[in-house]
Number of protein chains: 2
Amino acid sequence: MPERAHRPPCGACAECGVRTMAVCAALADDEISALERIMTARRLGADETLVVEGETRKRVYSLTEGMLRLSIALPDGRRQITGFLLPGDYLGLADDEVYTASVEAVVPAALCSFPVREMDALIETYPRLKDRLFRFTRAALRQARENQVILGRLAPVEKLAAFLLALSRRMAENKLADNPVPLAMTRADIADYLGLTIETVSRSFTKLRNQGLIRLPDAHLVEIVDRRSLEAVAGTVA
Amino acid sequence: MPERAHRPPCGACAECGVRTMAVCAALADDEISALERIMTARRLGADETLVVEGETRKRVYSLTEGMLRLSIALPDGRRQITGFLLPGDYLGLADDEVYTASVEAVVPAALCSFPVREMDALIETYPRLKDRLFRFTRAALRQARENQVILGRLAPVEKLAAFLLALSRRMAENKLADNPVPLAMTRADIADYLGLTIETVSRSFTKLRNQGLIRLPDAHLVEIVDRRSLEAVAGTVA
DNA sequence: CGGATGGTTGACAAGATTCAATCGGAGTGG
DNA sequence: CCACTCCGATTGAATCTTGTCAACCATCCG
């Protein structure tokens, strides 16, 4: 059977790596075709833009591979990254009419794309779909509030420690390598996520390394050596 | 007719000041009794604690009068206020099993209290109730992300400007005095909300006042004199 | 009247940002 | 295959902002 354009990036939903974690997990195997029918596969190259804040919200997405960053820009160029999306995460939870954040690929990514209208219809048809999205939204809200604590009350090293632990935890939840943690994003991304400068992020990495809490085989791979102490540094946030 | 214990603080739902804004607005006048039946009125004195983070989530609330603060504490005593609740706001959107934040009254408050179990049942009975709560949750998520920008990327004066504008806007939305804005909370609350110290908050107020953007008849009343310029300072956040 | 609480202001110090230089790896082109 | 360039990351030094500590003020309440 030839490949169709609107097949999930990973083949069919049945064989999808995030089948048990993503939105679609709300649907049984015999219901999934309804979702497949309105779905389009989409691939993004590194740093490619998927959504620009302010655009009308026409499509929603489910990430299957790679990593995305959500960011909000200030008029003068400053930028705050409000979250990183991992495979299994849903994109479009927060917004109604227009996107309130831009979305770019951190690394090459694959996602399932759905028209909002048709997805909304499906949500009304399958209550468990709505429930699952509701659950996702609540989790996102908790995480955003957790981030408020990190941004507002932690010192740079503490922020980084909390970030690494949270990332490791989420990677584990989504069944990805969680130690050593591969850091797909750049120092600039981390800085814009934690409300710091790249220099301060770099120095914080060095501090954690010198204290023996982490190892850095290279700049994009973090081995958590002493999780307990790292948690102590993070103030048990995350 | 004598007052019953589980009447809304403001009388019956029909005469409630937030009837058109709160969760209950999802129900028609002839459906509201279902909500009234599971509801208990609750009043809080200033600084009284309603919820301690970590507790199991047994009840959810709808605020009818006053103001609440949501906060998360660090083991060493540092505190981040993640949000202020105004009349019409719902309490319990983010959490599942346990509360992830503490809740205290900023000023004397009145609220409708619902057992989670029975509320959940009602939510399943009245789809519009669920939809409204979903909408509330999305709005809360957007606001939390907005706060991430404020906390992560704005300078102190900018933070305060953004805070005052956002508060004024929300007060207007909830049909409360929006200019001059009554500041129910203390400088310490504002500091813990914006990730600053009380001294820096105080200095920022003084700066905005000296620039002629606001007037401060007293410490708890802010008149926005030059909204446009204040927005410029805030970087059009909020 | 006096004490307590919350707010403002000042002086100082600590810490992060800024600016600048260096390093290292990846990719390119000769 | 190697040299070169470019980009990201790290490190150092100076600056500047914010936090800290302290004093002072005003108001409220007993």
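A note on names: the letters A, B, ... follow the listed sequences, proteins ahead of strands, and every chain is numbered from 1.
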Would you please say whether a donor-acceptor pair under 3.5 Å links the side chains of B:Arg59 and B:Ser113?
yes
Between B:Arg203 and B:Glu199, does a salt bridge (Lys or Arg N to Asp or Glu O under 4.0 Å) hold up when you go through it step by step?
CA-CA 6 Å; B:Arg203 284 185 245 271; B:Glu199 293 92 334; 5.8 Å; no
What does A:Thr200 touch in the nucleic acid at a heavy-atom separation under 4.0 angstrom: a base, only the sugar-phosphate, or nothing?
base
Counterpart residues, salt bridge (charged side-chain N to carboxylate O under 4.0 Å, His left out), relative to B:Asp95 (two or more places apart):
none
Counting N and O atoms only, with roles assigned by atom type, does the side chain of B:Glu53 sit under 3.5 Å from a partner on the main chain of B:Ala73, one being a donor and the other an acceptor?
yes
Can you name the nearest heavy-atom pair linking B:Ala162 to B:Leu154, along with the distance?
CB-CD1, 4.0 Å
Ordered by number, residues from residues 72-83 of chain A within less than 4.0 Å of DNA chain D (heavy atoms) are none
A:Leu160 atom CG is separated from D:dA9 atom C1', nearest whole Å, by 14 Å
State, without any angle test, whether A:Arg227 and A:Ser168 hold a side-chain donor-acceptor pair at a distance under 3.5 Å.
yes
CG of B:Leu196 versus P of C:dG7: gap in Å, rounded?
15 Å
I'd like a table of atom pairs between the protein and nucleotides 21-30 of chain D - only N or O on both sides, under 3.5 Å - with the distance next to each one.
residue : atom : partner  : partner atom : Å
D:dC21  : N4   : B:Glu199 : OE2          : 3.1

For B:Glu104, is there any backbone N or O sitting under 3.5 Å from a side-chain donor or acceptor partner on B:Arg69?
no
Counting distance only, does the side-chain N/O of B:Asp76 pair as donor-acceptor with the main-chain N or O of B:Arg78 below 3.5 Å?
yes
Taking atom C1' of D:dT18 as reference, at what distance in whole Å does atom CD of B:Glu158 sit?
14 Å
Return the value, rounded to whole Å, for the distance between atom CG of B:Asp192 and atom P of D:dG19.
12 Å
d(CG, B:Leu154; C1', D:dT18) in whole Å
15 Å
In A:Val18, A:Leu63, A:Asp89, the residue satisfying side chain to side chain contact (heavy atoms under 4.5 Å, CB included) with A:Asn174 is A:Asp89
Among D:dG19, D:dT11, C:dA16, find the nucleotide with the atom closest to the side chain of A:Ala155.
C:dA16
Interatomic distance where CZ belongs to A:Arg187 and C1' belongs to C:dT17 [whole Å]:
18 Å
Is A:Ile198 touching bases, backbone alone, or none of the nucleic acid, heavy atoms closer than 4.0 Å?
nothing
Set of residues satisfying side-chain hydrogen bond (donor to acceptor under 3.5 Å, both in side chains) with respect to B:Glu48, sequence neighbours excluded
none
Please lay out, stage by stage, how B:Ile214 and B:Glu223 fare under the test side chain to side chain contact (heavy atoms under 4.5 Å, CB included).
CA-CA 5 Å; B:Ile214 62 170; B:Glu223 185 189 338; over 6 Å; no
Run the side chain to side chain contact (heavy atoms under 4.5 Å, CB included) test on B:Val60 and B:Tyr90 for me, step by step, so that the C-alpha distance in whole Å, both residues' side-chain angles and the decisive distance to 0.1 Å come before the verdict.
CA-CA 8 Å; B:Val60 291; B:Tyr90 190 83; 3.0 Å; yes
For DNA chain C, find the residues of residues 207-223 of chain A with a heavy-atom distance under 4.0 Å and give them by number; none if there aren't any.
none
Could you state the atom-to-atom distance from CG of B:Leu183 to C1' of C:dG6 in whole Å?
14 Å
Give the nucleotide from the list D:dT18, D:dG19, D:dT10 with an atom nearest to the side chain of B:Thr197.
D:dG19
Can you give me the N/O atom pairs linking the protein to nucleotides 13-15 of chain C at distances under 3.5 Å, or say none if there are none?
none

Taking every heavy atom of B:Pro87 against every heavy atom of B:Glu65, the minimum-distance pair comes out as CG-CA, 4.0 Å
Looking at A:Arg145 and B:Ala144, would you say the former's side chain and the latter's main chain have a donor-acceptor pair under 3.5 Å?
no
Does A:Ser202 or B:Val157 map to a spot on DNA chain D nearer the 5' end, using the closest nucleotide for each?
A:Ser202
